[in-house]
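Notes for the one structure printed next.
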Amino acid sequence: MKKELPKAYEPKEVEGRVYQAWEEAGCFKAERDPAKKPFTIVMPPPNVTGQLHMGHAMDATLQDTLIRFKRMQGYAALWVPGTDHAGIATQIKVEEDLRVNEGKTRYDLGREKFLERVWDWKNKYGQRIVDQQKKLGASCDWDRARFTMDEGLSAAVRHVFVSLYNKGLIYKGSRIVNWCPHCITALSDAEVEYKDKPGKLWHIRYPIVGEPDRYVIVATTRPETMLGDTGVAVHPEDERYADIVGKTCLLPLVGREIPIVADEYVDREFGTGCVKMTPAHDPNDFEVGLRHNLENIRVIEDDGTISQGYGKYSGLDRYEARKAILADLEAEGYLVKTEDHQHNVGTCYRCGNDVEPLISAQWFVKMEPLAKEALRVVRDGELKFVPDRFAKTYTNWMENVHDWCISRQLWWGHRIPAWQCEDCGEMTVAETDPTECAHCHSKRIHQEEDVLDTWFSSALWPFSTLGWPDENSEDLKYFYPTDVLVTGYDIIFFWVARMVFSGCAHTGQSPFHTVLIHGLVRDDKGRKMSKSLGNGIDPLEIIDRYGCDALRFNLISGNSPGNDMRFYTERCEAYRNFANKIWNASRFLLMNLTIDRCALPQRLELEDKWILSKLNRLVGEVTENMDKYELGVAAAKIYDFIWDDYCDWYIELTKSRLQGEDPAAKESAQQVLCYVLTQTLKLLHPFMPFITEEIWQALPHKGDFLMLQDWPTVDQALDFPQEEKSMETIMEAVNAVRTRRGEMNVPPSRKVGLTVATADKAVFEAGAPFFRRLASASAVTVVGVEEAGSSEEMTKAGMVEVITHAARVFMPLAELVDLEQEKARLDKEIAKAQKDLDSLKVKLDNPGFVNKAPANVVQAERERQEKLTALLEKLTQQRGAM
RNA sequence: GGGAGCAUAGCUCAGCUGGUAGAGCGCAUGCCUUACACGCAUGAUGUCACAGGUUCGAGCCCUGUUGUUCCCACCA
């Protein structure tokens, strides 16, 4: 049975091998089993050509921990992996590659050839992130891996598009949209990030037509848009301007005559109370324009340059044009003044450039009817957020959501399945490519050039990956709806919200019942990890240095759900040490192991009952914490149990048996050690899968893999509250002796005989061997309370006295005592006991407490009072003897 | 302009339904005690941001204040 393990745990040697063994044995495969309950998680699909970062690592670790836990609990646990085609991100990468290596643009290649390049790119790099996830120990069912542009998922996308279109929930229209002139595409509201930037507020004079020397002064942060001004607005109740409403003014530089209108939108207090209206380039102006029939004149092109027809400004970039226009306004005396002004600028979440609002023909999803159901499922508790405050974030967004712009002027993605007829102008929207116009049967139809927003396909992920829209899909029937969705709070709007309304709309139910939200992993200074800052920490590097288990433990413990965490490499070191601790505890057991079967012995010693009782409670608590998604708390409890209870105490307590002469005692110690370790490994496995599997394989076991073992359950027969207490009185005495020896600087090598005077003779007799090993005792004599001499007598006999609640312990070390120091220490101890006792007395004398507090709390305080009184008495006696 | 989070030991953070404040790292002292120096033992350090309130009892619940971070929102 004996198996040699290296002295220190070497994760690198273990992880790859263990993972391969799991994979080859099919441990990750989820089978549809009518006898089991399903438990499903779909992985947030990372960008197919992306690289694993710390955020992924945390996300995946949480999911893997949950799925392993449920799998061990006997669920048919399915974790669906996959990747996202990531429209803009991927297309930009390939375009960049094309530019750098061949000096070409995508237009040089043409749509078809370019898409071939992207697929090549995807095939080249698509496996990378999957391999990286495997390094994290992810127990996904890889055979079920999906890609958002797979045939099946594309069919789902198309099905949804057609269905929404037919219900009138998808439409095409000319609206003002967020446009990125750098990515040259429309964006959805969610893809715009607002940033506070310092800017200027320019005051410009617009002369009033027919009233020489009269003019209005408008204030603007974007003077270049004046080329597209088609009106000026004032507040209807603004007396300053009442008489000019209805008149027109002359647009400087352009010479266009534009109306002055009155609209509630205008804030009288801001600037001059006059606002220039550029309906084609400002969402508010657009709205005002609708109300007053203002013309929409687009002056900025898709690439951010000024349109033709504006003389020297045409062709200039919008910010170059701004400079030129300002210079001209100034030269011609139209610029009245310039103020500094802080304002909120929309930027593209991909490239960071300023978004240009402009009017464009785009496809939209009508949100209001969809949002209704998505709100209801949360309101009715069919969908819960953990922590629940994120439900509010979600609800708030959903209640105020605008129509979703889903068309993107890209090539990489799901092309919009709509064909426009050149003859009748109507759209034909169909699941299979049409050959003629559905309205006039003309063959002269052509498909829309645009593709769909990437999030349109990810919104279907929980069901499209399971075979939907095929209602006969067995996976869909069995595993859907899924259970928990794990993701960061940063994509609640992008993804979670859209999955929920999509699930509700297309499958009639919320795609999952719980959303577990985690925070961001930041660097050690609290900054977001980012490429531009170069402060990212590569999870693979950490794995390489400290092992996957240490990384996982770090990511799970020490933070609570929904809160950001700072990543400290030092903590990986701490958890590597923890892994090593377990490793060595196991090594110790294996070195002492003579049995080949691990079962609890008939006869249990005091210390066995103590550890078993503690283990039992651990099992209950950890399970409960896991059920409540308190993974960090669960992890901490296991950590403490293994290090403090099992290693620092229990292993030490068994040594006298293991190294003694009694074969039966030897064996029983092994049995309990082995049993407790095995159970603990099961509890730890979801958190630290590799080391636990590796050790378990070396221990006596039944079954093939730890990861497929049953999760431990609470066993009432292993509750030993009395023994726990007894053991604790011994531990208290051991600690007290250690402390005193420490204070007197007695080296551990100096062993002395101890005399223990106690009312619990049996307990301390049972515990006598522990004092030898744990408290440097050469011999232990246990006597009754009445058999020991008074403090005075014992001191005279050269004894040092140590007092605990349950015992007085004497050590013949009087010559080492510094009497003054000793007196001071005792005085301090007495004062503390007295103080505690006093406050206890106040408490217990308070009728409010005695009458209103729960009986068990009152009882506990009474017991404490008794114990403290006894302790104080003993201490006082000892002090008196000095 | 709305909304949310955070404020606990030198640092980073836990603290589950209110019942005598915890961990890791760091620090101090002593130990290579035949599982582990990636270790063992011992020790020091907290007006739980501030002010009120509820309660027999508050780090935890309520109100307000301050500081800080974030999200949402069409003020040019």
Rounded distance (Å) that lies between atom [atom2] of [N] and atom [atom1] of [X]:
X         : N      : atom1 : atom2 : value
Lys841(A) : C56(B) : NZ    : C1'   : 16 Å
Trp643(A) : C40(B) : CH2   : C1'   : 11 Å
Leu774(A) : A41(B) : CG    : P     : 9 Å
Trp397(A) : C70(B) : CH2   : P     : 22 Å
Asn344(A) : C75(B) : CG    : P     : 7 Å
Tyr194(A) : G3(B)  : OH    : C1'   : 18 Å
Glu743(A) : A41(B) : CD    : P     : 17 Å

For atom [atom1], what is the distance between [N] and [M], given to the nearest Å?
N      : M      : atom1 : answer
C6(B)  : A14(B) : C1'   : 14 Å
G18(B) : C40(B) : P     : 36 Å
C56(B) : A41(B) : C1'   : 41 Å

Open item on the list: Could you check whether the side chain of Arg864(A) and the base of U20(B) have a donor-acceptor pair of N or O atoms closer than 3.5 Å, going by distance alone?
Closed with: yes

Open item on the list: With a 3.5 Å cut-off and heavy atoms only, can you find an N or O donor on one side and an acceptor on the other between the side chain of Glu652(A) and the base of A35(B)?
Closed with: yes

Less than 4.0 angstrom between a side-chain N/O of [X] and OP1 or OP2 of [N], yes or no?
X         : N      : value
Trp649(A) : C40(B) : no
Asn735(A) : U42(B) : yes
Lys581(A) : C40(B) : yes
Ser557(A) : A14(B) : no
Asn563(A) : A14(B) : yes
Arg576(A) : C38(B) : no
Arg566(A) : C13(B) : yes
Asn577(A) : G39(B) : yes

Indicate, with a heavy-atom threshold strictly under 4.0 Å, whether [X] touches base, sugar-phosphate, or nothing.
X         : value
Asp648(A) : sugar-phosphate
Phe578(A) : nothing
Ala636(A) : nothing
Tyr489(A) : nothing
Lys655(A) : base
Thr393(A) : nothing
Pro854(A) : base
Gly273(A) : base
Trp202(A) : nothing
Pro748(A) : sugar-phosphate
Leu201(A) : nothing
Tyr568(A) : sugar-phosphate
Ser560(A) : sugar-phosphate
Glu570(A) : nothing

Task: From CA spacing to verdict: salt bridge (charged side-chain N to carboxylate O under 4.0 Å, His left out), Arg566(A), Asp523(A) - done: CA-CA 5 Å; Arg566(A) 295 191 193 200; Asp523(A) 75 356; over 6 Å; no

Mind checking whether [X] and [Y] have ring centres under 6.0 Å apart?
X         : Y         : value
His203(A) : Tyr334(A) : no
Phe385(A) : Tyr394(A) : yes
Tyr9(A)   : Phe578(A) : no

Open item on the list: For Lys867(A), is the NZ atom crowded, meaning more than 12 foreign heavy atoms sit under 6.0 Å from it?
Closed with: no

Open item on the list: Distance to the ring centre below 6.0 angstrom and angle to the axis at most 45 degrees; does that hold for Lys655(A) and Phe588(A)?
Closed with: yes

Open item on the list: Can you work out whether His402(A) or Ala8(A) has the more 5'-proximal nearest nucleotide on RNA chain B?
Closed with: Ala8(A)

TODO: Starting from the 5' end of RNA chain B, give me the residue, Cys647(A) or Lys392(A), whose nearest nucleotide shows up first.
DONE: Lys392(A)

TODO: Look up atom CG in Leu774(A) and atom CZ in Arg738(A), then write down how far apart they are to the nearest 0.5 Å.
DONE: 5.0 Å

Open item on the list: Taking pairing as Watson-Crick or G-U wobble with both contacts under 3.5 Å, can you name the mate of C74(B), or confirm there isn't one?
Closed with: none

- [ ] Identify the residue among Leu673(A), Leu658(A), Thr654(A) that makes a side-chain contact (heavy atoms from CB on, under 4.5 Å) with Leu589(A).
- [x] Leu673(A)

